[in-house]
Amino acid sequence: SQQSRELAVSAADRLRHVEVLIASINQRRSSESFSRGNARLNLGGEQQIELVWVPAGRFVMGDTDGAGAEDEWPASVVEIPQGFWISRGEITNGQFRTLFPDHSSGVFTKRQVELDGPGVQLDDPRQPVVRVSWQEAMEFCRKLSAATGRTVSLPTEAQWEYSARAGTRSAFSFGSLNADFSSHANMADRSIACLYSGTAGVANMQPIPAVMHVDDLAIATTHTTYQPNPWGLLHMHGNAAEWTRSLWRPYPYDEHDGRNERMVGDASAMRVVRGGSFYDRPQRCRSAYRLAYPSWQAVHNVGFRIVVED
C-alpha cells in the first residue's frame, strides 16, 4: 500500500541518518576506560549497592533501527562528558527499606500463584522495589547522598540509554527485537501468561499479551542468573521499569534545556521511565523505548537504579 511504502521510506531514511551519526562517532573515540571496575555503597547492616563504572563517551541516542516510536526520533549523537557509577541492578526492596522502612511493593494482582490467592509477591527483600514515585526515588537519592557524602541521583535519560546500549546499536544490548531473551532479560513471556487468573473466585478473562515461545520461569525476579550486558549491568531490559531524572521532552535530546532538573517543581510534570518490565513485551523493553508518568505516581511495575556522580 501507499502507506506501507511511505513507512518503509521513512525507516530507510532513519537508518541512513543513523549511519551518518555512527560514522561521526567512529572518528572521535573516547580514550577513557573501564579500569575503575566495580565498587560498593554501604547502606548499613548487610545491605550494599554494587556499582559499575561507566566511562565518558559518545553514542547515538534514539531510534537506531528505523522501527522506533515517533518520540524516539530524531536520533542524535549525545556526549557523556564525564564517567559515572551506576548500580549494577535495580534498587531492591531491602535496600530501599533501609531508608524507607515502611515501604511495601505489594503484589501483582492481575495473576495468582493460587487460584484464589492475593497475587504474585513483589515484596521480597531481594526483588526490585516498585510502587515508588519519582519523588520518592529522588528522596531516596537525597537521603543516601546525605548519609554517604556522595552525589547520588537518578540517571539522566541519556546516562540510562548509554548504559543500556553498552556500545551496541541494536534494539537490545544482546541483539534484535526478535532475539531469544530468556537468558538475558525478564520480560512478558509464558510465565506471566500462564499463571492462574482467578481473583477472589472471579476469573480474570483479560489475557496479558506475552511472548509465548519464551519462558524464563520468573515474574519480578530476584535472580542474578540473567546474563549482564557488555558493561556488566543487570536488568536494563525488563524486570522492573526504571525512573530517570529527566522530564519527558521531545527529541533531539538536549541536556541543557532543563529536562534534567532535579527539583520536583510541578508534581504533574511527566518524568521518563525506561527499560520495560516483567509485564512488558520486547517492543517496550528496547534500549530506545520511552514512557512517562507524573512524578507523584507510584506504578506497580516501576522502580529505579541510581548513579553516583563524584
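- Checked for salt-bridge contact, R305 and E242 meet the test: a charged N lies under 4.0 Å from a carboxylate O.
- Checked for salt-bridge contact, D63 and R14 meet the test: a charged N lies under 4.0 Å from a carboxylate O.
- Using cut-offs of 30° and 60° for the angle between ring planes, the W85 and W53 rings count as perpendicular.
- T244 contributes a side-chain N or O that, together with a main-chain N or O of V272, makes up a donor-acceptor pair within less than 3.5 Å.
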Review point. When you look at S246 and R271, which way does the side chain to side chain contact (heavy atoms under 4.5 Å, CB included) test go after all the steps?
Key: CA-CA 6 Å; S246 304; R271 297 282 177 169; 5.9 Å; no
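- Without hydrogens or angle criteria, W243 side chain to V132 main chain gives a donor-acceptor distance under 3.5 Å.
- Both F304 and F100 sit in one connected hydrophobic cluster of ILVMFWY residues. Membership requires side-chain heavy atoms under 4.5 Å apart, directly or through other members.
- E72 and R286 are joined by a salt bridge, as a carboxylate oxygen and a charged side-chain nitrogen come within less than 4.0 angstrom of each other.
- Checking side-chain atoms of E136 against main-chain N and O of S133 turns up a donor-acceptor pair under 3.5 Å.
- Under a 3.5 Å cut-off, the side chain of E161 and the backbone N or O of A158 do not form any donor-acceptor pair.
- In this structure the side chain of Y162 reaches within 4.5 angstrom of the side chain of F84, judged on heavy atoms.
- Taking the charged nitrogens against the carboxylate oxygens, E157 and R290 do have a contact shorter than 4.0 Å, which makes a salt bridge.
- Cluster membership check: Y253 does not share its hydrophobic cluster with L247, using side-chain heavy-atom separations under 4.5 Å among Ile, Leu, Val, Met, Phe, Trp and Tyr.
- F174 meets the ring pair (Phe, Tyr, Trp, His ring centres under 6.0 Å) test with F172, H184, H237; sequence neighbours excluded.
- Listed for the W134 side chain is no donor-acceptor partner under 3.5 Å among the backbone atoms of V273.
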**Study point:** Verdict with reasoning, R126 to E46, per salt bridge (charged side-chain N to carboxylate O under 4.0 Å, His left out)
**Key:** CA-CA 12 Å; R126 299 165 298 166; E46 298 180 356; over 6 Å; no
Practice item. Might you work through the side-chain hydrogen bond (donor to acceptor under 3.5 Å, both in side chains) test for Q127 and N93, ending with a clear yes or no? Key: CA-CA 6 Å; Q127 286 179 294; N93 287 307; 4.7 Å; no
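- F181 and L177 fall within the same hydrophobic cluster, where Ile, Leu, Val, Met, Phe, Trp and Tyr residues are linked whenever their side-chain heavy atoms come under 4.5 Å apart, directly or through other members.
- I22 and V77 fall within the same hydrophobic cluster, defined by Ile, Leu, Val, Met, Phe, Trp and Tyr side-chain heavy atoms under 4.5 Å apart, directly or through other members.
- Judged purely by atom type and a 3.5 angstrom limit, R88 has no side-chain atom pairing as donor or acceptor with the backbone of I49.
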Exercise for review: Quick one: do L154 and C141 satisfy side chain to side chain contact (heavy atoms under 4.5 Å, CB included)? Show the steps, please.
Suggested key: CA-CA 7 Å; L154 296 177; C141 293; 4.2 Å; yes
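- Proximity of S173 to M236: side-chain heavy atoms (C-beta onward) are nowhere separated by under 4.5 Å.
- Proximity of a side-chain donor or acceptor of N229 to a complementary backbone N or O of L233 within less than 3.5 Å is detected.
- No donor-acceptor distance shorter than 3.5 angstrom exists from the side chain of N301 to the backbone of A240, with no hydrogens or angles considered.
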Practice item. Dump the intermediate steps for side chain to side chain contact (heavy atoms under 4.5 Å, CB included) on V308 and T151, then the final yes or no. Key: CA-CA 5 Å; V308 181; T151 305; 5.6 Å; no
Point to revise | Criterion side chain to side chain contact (heavy atoms under 4.5 Å, CB included) on Q159 and I86, from CA distance to verdict | key: CA-CA 9 Å; Q159 287 174 327; I86 187 168; over 6 Å; no
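- A donor-acceptor pair under 3.5 Å is absent between the side-chain atoms of R169 and the main chain of V18, judged by distance alone.
- Counting only N and O atoms by type, the side chains of N178 and S176 include no donor and acceptor under 3.5 Å apart.
- A donor-acceptor distance shorter than 3.5 angstrom exists from the side chain of D123 to the backbone of S105, with no hydrogens or angles considered.
- A salt bridge links R142 with E139: the closest approach of a Lys/Arg side-chain nitrogen to an acidic carboxylate oxygen falls below 4.0 angstrom.
- Side-chain contact of N42 with Q48: a donor-acceptor pair under 3.5 Å is present, judged by distance alone.
- A continuous path of ILVMFWY side-chain contacts below 4.5 Å connects W160 to Y251, so both sit in one hydrophobic cluster.
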